[in-house]
Amino acid sequence: MNPASSDPKPVPTLYEWAGGMPAFENLTAAFYQKVLRDELLEPIFRHMAPSHSVHVAHFLAEVFGGPAQYSAHEGSHFQMIQKHFSRHLTEQHRRRWVHLLLETADELQLPDDPEFRSAFVAYLEWGTRIAVLNSNTTAETGVAPDAPMPRWGWGEPGGPYQG
Ligand code: HEM
């Protein structure tokens, strides 16, 4: 018996399992096109910067275990939080945002295995609820300016099923 064959496969990061940076950049590019066609979300995102989509891609990639591109060059967790201040987002906005992102993930065929999707959705639920909370505050909210980037792992399933 080849001893190597019984070695457990290393657990990839969620970032790697999703398909790396191109997967995140394609996801947000297609997602924000959808957002701009959505009557509920379009007014909120009408004036977003051209770099918005790619910054969100890099933010998500970093959260899911990818390189620190967003926090090193494009912002910080606190700056991201500040972008949501005073936007007065509602639960309805949040739900539509999550719905369209997951619809785009399906269309672009991001991995749809139960382990990946449960971890992916868990972060989206957490992150979007934080965005809504922050959007309904105006000033410094008690969020420390040096708040670290969130890091998301596989959670209870522990990793993908790799046969
Ligand atoms: C996991 C959830 C979320 C993440 C990771 C996230 C991430 C980000 C990031 C990184 C930026 C800054 C982009 C830049 O530097 O240009 C941003 C801005 C923004 N986000 Fe979010 N966001 C989330 C949820 C939401 C939700 C649910 C909404 C509204 C439905 C929202 C609305 C906005 C708006 C309006 C801006 C400012 C856009 C502008 O520059 O005009 N975000 N977000």
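Just follow the structure's listing: the first ligand is 1, and inside any ligand the first atom is 1.
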Rounded to the nearest 0.5 angstrom, the CD-OG1 distance for Gln33 and Thr104 is 9.5 Å

Audit row: Phe59, Phe24, ring pair (Phe, Tyr, Trp, His ring centres under 6.0 Å) steps and yes/no: CA-CA 9 Å; Phe59 187 93; Phe24 286 94; over 10 Å; no

How about Glu91: does its CD atom have over 12 heavy atoms from other parts shown lying under 6.0 Å from it? yes

Give the residue, atom name and distance (to 0.1 Å) of the protein heavy atom nearest atom 35 (C) of ligand 1. Ile44 CG2, 3.5 Å

Looking only at protein heavy atoms, identify the closest one to atom 27 (C) of ligand 1 and say how far it is in Å. Trp97 CG, 3.5 Å

Heavy-atom neighbours of Gln162 CD exceed 12 at 6.0 Å: yes

Atom 18 (C) of ligand 1 - nearest protein heavy atom and its distance: His52 CE1, 3.3 Å

Testing the basics here: between Ala18 and Ala23, what is the closest heavy-atom pair and its distance to 0.1 Å? O-CB, 3.3 Å

Can you tell me the protein heavy atom closest to atom 22 (N) of ligand 1 and the distance? His84 NE2, 3.0 Å

Contacting atoms of ligand 1, where contact means under 4.0 angstrom from a heavy atom of Gly127: 1 (C), 2 (C)

For atom 10 (C) of ligand 1, what is the closest protein heavy atom, and at what distance to 0.1 Å? Met80 CG, 3.4 Å

Rounded to the nearest 0.5 Å, how far apart are OH of Tyr15 and CZ of Arg151? 11.0 Å

Using 30° and 60° as the class limits, which term best fits the ring planes of Phe120 and Phe116: parallel, tilted or perpendicular? parallel

With heavy-atom distances below 4.0 Å as the criterion, list the atoms of ligand 1 near Ala131. 24 (C), 25 (C)

Residue Thr128 vicinity, atoms of ligand 1 by number, heavy atom under 4.0 Å: 1 (C), 2 (C), 27 (C)

Taking distance alone, with no angle check, do Tyr123 and ligand 1 share an N/O pair under 3.5 Å? no

With only distance considered, is His93 within less than 3.5 Å of ligand 1 through an N or O on each side? no

re atom 32 (C) of ligand 1, the protein heavy-atom contact at minimum distance is Phe45 CZ, 3.2 Å

Minimum-distance protein heavy atom relative to atom 12 (C) of ligand 1: Lys83 CG, 3.7 Å

With a 4.0 Å heavy-atom cut-off (strictly under), which part of Arg87 contacts ligand 1: side chain, backbone, both or neither? side chain

Counting heavy atoms not belonging to Lys83, are there more than 12 under 6.0 Å from its NZ? no

What's the spacing between Leu60 CG and Met21 CE if we round to 0.5 Å? 10.0 Å

Among all protein heavy atoms, pick out the one at the shortest distance from atom 41 (O) of ligand 1; state its residue, atom name and that distance to 0.1 Å. Met48 CA, 3.4 Å

